[in-house]
Undergrad: 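Sharing a structure below in C-alpha cells format, with a few things to ask.
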Amino acid sequence: MIAESLVILLLFGGGCALMRVVGVRGWGLAPLGFLAGVCLLLAVGFLQVATGLPTAPAITLAVVFGGPVGWWILRWRAGRAAGVPVPLAVGSALAIVGAVAVLRAANMLKWHPDSLTYLMAGRLLADGDYRSTASTELLTARVLGVPLLHAPADLGGALYLRSITPLLAAATVAAVVWFLWRAGRGAVTPRRLAAVAALVALLLLTNNRVIFSFFYLNGHLLFAACVLLVAGGGWLLATRPDRADRALMTLQLLAIPGLVITRPEGYLAAVLVLLPTVLSARVPHRHRAAVTAVFGGTALLFAALQSWIFLDRDTAIPASVIGAAALGAAALAAIPLLGRATSHERGGRLLALGEAGIWLGLAALAIRDPDTLWASLRALYGNQIEGLGGYGLSITVLSGLLLLAWLLSPRLPHQAHLRFPLTTFLPFCLVMAYLREGAYRAADADSMNRMFIHVVPLAVLFLSALLAGTGNDTEKKPAAESATPEERRVEVAAPV
C-alpha cells in the first residue's frame, strides 16, 4: 500500500502543481490535477520509450512530480499568486491515501484477456526490456497508454495499481461537472446549475457498463478522459475567446499524447476530437499551431518507434504504421496553413465536409463488402437495444435525450467542439470494422460496445450544457452569429 500511495501522491502532486501554476484554483484543482498528472505520466513515459531513454518508473515519476513542483515553487517564491492553502493540501493528501487504502482492500478491478497483455507490457517497461523484447503485435494492438499507467506498480512488486482506474473515473466525473460549472458561471443560476450537475452524476453513476469501466483494466476510460479534456477545453476556449485560458490550453496539450498512444486507432480518433479546435478562428492561432504540432509530432514519433521495432524484428511495416507516419507529417506540414484555412464560416464548412467524407467512405466500403456493415449493425442493435452489450437501454436513452435537447434547446454557441466527436463516432467505428479483423459482434466484450465509453462523458457534458443553457458568449456577436431561442439544431457549416 505504501508504494502505491506514494505513486498516486506523486502523480496528484505533480498534476496539481502544474494546474495551479496555469491558474486553476478551488475545488476543480484536485480532479483536474489528477488528470493532468496521469497525462504527464503518459507523455513522459512515451518520450522515454520512443527515444530509447531508461524507462524505469522511478525516473518517470521523478520528472512528473519534480518538474511541475519545481516550477510551482519558483512562481510561488516570486509572488505570482500560486499558493495553495496548507489545510487543503494536507486534506487532499490524506484523502488520496485513504482512497488508495479502501480501493486496494476492495480490489474490485475487472479483467479481460487483453488486461493480461497490458500488464505484461507494463512489466517490460518497468524492467527496461520493452524495446528489445516486446513483440510487434504487443506494440500495435496494446500500444502504450495502459502499460505506462500501470508500470509504476513495479515499485511495490505488483503488476497493476488497484486504485488508479477508480480514481481516474472519479476525476473524470468531477471534470464533467467542472466544465459545466465553468461554462455556466455567471450565466446560469446556481440552482439550475446544481440541478444539471446532479443530472450529470445520475447519468454517469447509474449506468452498469460505465461503472464497470470504472474498475476495468483497459484503456477505454483513460481514452474517454482525454477526449473530454480536449473537446471540453476547446469548447470553453471558443466560447470565451477573450480569455486566453492557460489551464484549458495546457489540459488540451497534455491529453493529446494520451489519445494517440492509448488505442490502436487513437491517431485517427484524435483527428476527430481535435479538428474543431484546430479549425476554430476563435481559438488563438498560436495554440492551434501548438495543438497541431503536438499531435503531428506524437503520431510521427510513435510511428517511428513502431517502424524501428518492426524492422528490428525483420518484419514488414504494416500499412497502419505508414498511415500514422503520413498523417503526423501532414499535420506538421499543415501548420503554416492554419491562418488561411480558418474563419468562422470556413471552419464550419470544413467540419461538415469532413463528416460527410466519413459517411461517404463508409458507403464506399459497404458497396464493396455489405456483409461486414450489416453484421456490425446487427451487433449494434443487439448490444444497445436488446441489452446484450451490458448497457441496457442507457446508451439509446442518452442518445434520444441528447437529440431532443439538441433540437429543442436554444443553440449552444460553438457546440461543434462537443458535437463533432459524437456525430462522427458511429460512422468512424463502422469504418474501423473494415480496417480490423472483421465485423463487430453482439457481446459485452465486443470492441465497438466497449468503445462507447469513449464518448459517454462527453455526451453527458453536451446534454448538460444544452439543458443548463451554458456557454453563451459575453461579447456582442454579429447578427449572422447570433441565435434565437427558436433556432433549431441544424448545423451545416455553422461557425465553430
Side-chain angles (χ1 to χ4, degrees), residues 110-118 137-138 140-143 145-146 207-213 216-224 226-227 259 262-273 318-320 323-324 355 357-400 402-403 420-459:
K110 305 299 181 182
W111 294 81
H112 182 272
D114 292 348
S115 305
L116 300 179
T117 57
Y118 283 123
E137 182 180 1
L138 188 65
T140 55
R142 300 297 157 235
V143 285
V146 178
N207 186 302
N208 173 56
R209 291 300 294 184
V210 171
I211 296 298
F212 177 87
S213 296
Y216 183 30
L217 272 173
N218 209 304
H220 299 293
L221 184 65
L222 175 60
F223 194 85
C226 293
V227 168
L259 288 176
T262 299
R263 294 284 303 168
E265 75 283 358
Y267 68 96
L268 295 173
V271 173
L272 303 180
V273 182
S320 60
E355 188 165 356
I358 297 175
W359 284 106
L360 290 174
L362 176 61
L365 292 169
I367 291 172
R368 189 184 68 178
D369 178 12
D371 292 341
T372 296
L373 177 61
W374 289 120
S376 297
L377 290 175
R378 285 194 296 270
L380 177 65
Y381 181 87
N383 288 333
Q384 303 306 327
I385 303 299
E386 296 179 345
L388 299 178
Y391 286 97
L393 289 173
S394 59
I395 296 295
T396 305
V397 170
L398 176 60
S399 301
L402 188 54
L403 179 61
F420 186 76
L422 298 175
T423 53
T424 56
F425 173 76
L426 181 59
F428 173 75
C429 287
L430 294 174
V431 167
M432 290 303 302
Y434 289 92
L435 304 180
R436 50 175 243 143
E437 64 271 14
Y440 299 110
R441 57 195 173 90
D444 60 355
D446 173 63
S447 293
M448 183 168 66
N449 187 64
R450 290 182 291 168
M451 286 166 64
F452 268 98
I453 193 64
H454 296 176
V455 294
V456 166
L458 180 62

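Hydrogens, waters and symmetry mates are skipped; everything else that's a heavy atom, side chains included, is used.
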Undergrad: Could you check whether any side-chain heavy atom of Phe223 comes within less than 4.5 Å of a side-chain heavy atom of Met451, counting everything from C-beta outward?
TA: no
Undergrad: Mark yes or no for whether Arg209, through its side chain, and Gly390, through its backbone, hold a donor-acceptor pair below 3.5 Å.
TA: no
Undergrad: Distance-only, no hydrogens or angles: does the Asn383 side chain make a donor-acceptor pair with backbone N or O of Ala379 under 3.5 Å?
TA: yes
Undergrad: Tell me whether Arg142 contacts the main-chain N or O of Arg263 through its side chain, where contact means a donor paired with an acceptor under 3.5 Å.
TA: no
Undergrad: Indicate the atoms forming the closest heavy-atom contact of Arg441 with Ala445, along with that distance.
TA: NH2-O, 3.7 Å
Undergrad: Rounded to the nearest 0.5 Å, what's the gap from CD1 on Ile395 to OG on Ser399? Could you check?
TA: 6.5 Å
Undergrad: Check the angle between the aromatic planes of Phe212 and Tyr216 and answer parallel, tilted or perpendicular using the 30° and 60° thresholds.
TA: tilted
Undergrad: Return yes if some donor-acceptor pair links the side-chain N/O of Asn449 with the main-chain N/O of Gly389 below 3.5 Å, else return no.
TA: yes
Undergrad: Check each of Ile385, Ile453, Val397 against Tyr391 using the side chain to side chain contact (heavy atoms under 4.5 Å, CB included) test, and report the only one that passes.
TA: Ile453
Undergrad: To the nearest 0.5 Å, what is the distance between CG (Leu426) and CE (Met448)?
TA: 6.5 Å
Undergrad: Could you tell me if the side chain of Tyr267 sits less than 4.5 Å from the side chain of Val143, heavy atoms only?
TA: no
Undergrad: Atom OG in Ser376, atom CE in Met432: separation rounded to 0.5 Å?
TA: 11.5 Å
Undergrad: Are more than 12 heavy atoms, taken from residues, nucleotides or ligands other than Trp374, located less than 6.0 Å from that residue's CH2 atom?
TA: no
Undergrad: Nearest 0.5 angstrom please: Thr372 OG1 to Leu430 CG, how far?
TA: 10.5 Å
Undergrad: Output yes when a side-chain donor or acceptor of Tyr440 lies under 3.5 Å from a complementary backbone atom of Cys429, and no otherwise.
TA: yes
Undergrad: I need the Leu365 CG to Asp369 CG distance, nearest 0.5 Å.
TA: 8.5 Å
Undergrad: Measure the shortest side-chain to side-chain distance between Leu422 and Leu402 over non-hydrogen atoms and say whether it is less than 4.5 angstrom.
TA: yes
Undergrad: Do Leu116 and Leu217 have side chains that get closer than 4.5 Å, going by heavy atoms?
TA: no
Undergrad: Would you give the length of the straight line joining atom OH of Tyr118 to atom CG of Leu138, rounded to the nearest 0.5 angstrom?
TA: 10.0 Å
Undergrad: Would Asp114 and Thr117 count as a side-chain hydrogen bond (donor to acceptor under 3.5 Å, both in side chains) if you check the C-alpha gap in whole Å, the side-chain angles of each, and the deciding distance to 0.1 Å?
TA: CA-CA 5 Å; Asp114 292 348; Thr117 57; 5.0 Å; no
Undergrad: Determine whether Val431 and Trp359 satisfy the following criterion, side chain to side chain contact (heavy atoms under 4.5 Å, CB included), listing intermediate values before the conclusion.
TA: CA-CA 9 Å; Val431 167; Trp359 284 106; over 6 Å; no
Undergrad: Evaluate the side-chain proximity of Pro421 to Leu458: yes if any heavy-atom separation is below 4.5 Å, no if none is.
TA: yes
Undergrad: With a 4.5 Å heavy-atom cut-off, do Val456 and Val210 have their side chains touching?
TA: yes
Undergrad: Given side chains that start at C-beta, do those of Thr423 and Glu355 come closer than 4.5 Å, heavy atoms only?
TA: yes
Undergrad: Tell me if a side-chain donor or acceptor on Arg436 pairs with a main-chain N or O of Ala439 at a distance below 3.5 Å.
TA: yes
Undergrad: State whether the side chain of Ser213 and the backbone N or O of Leu221 hold a donor-acceptor pair below 3.5 Å, judged by distance alone.
TA: no
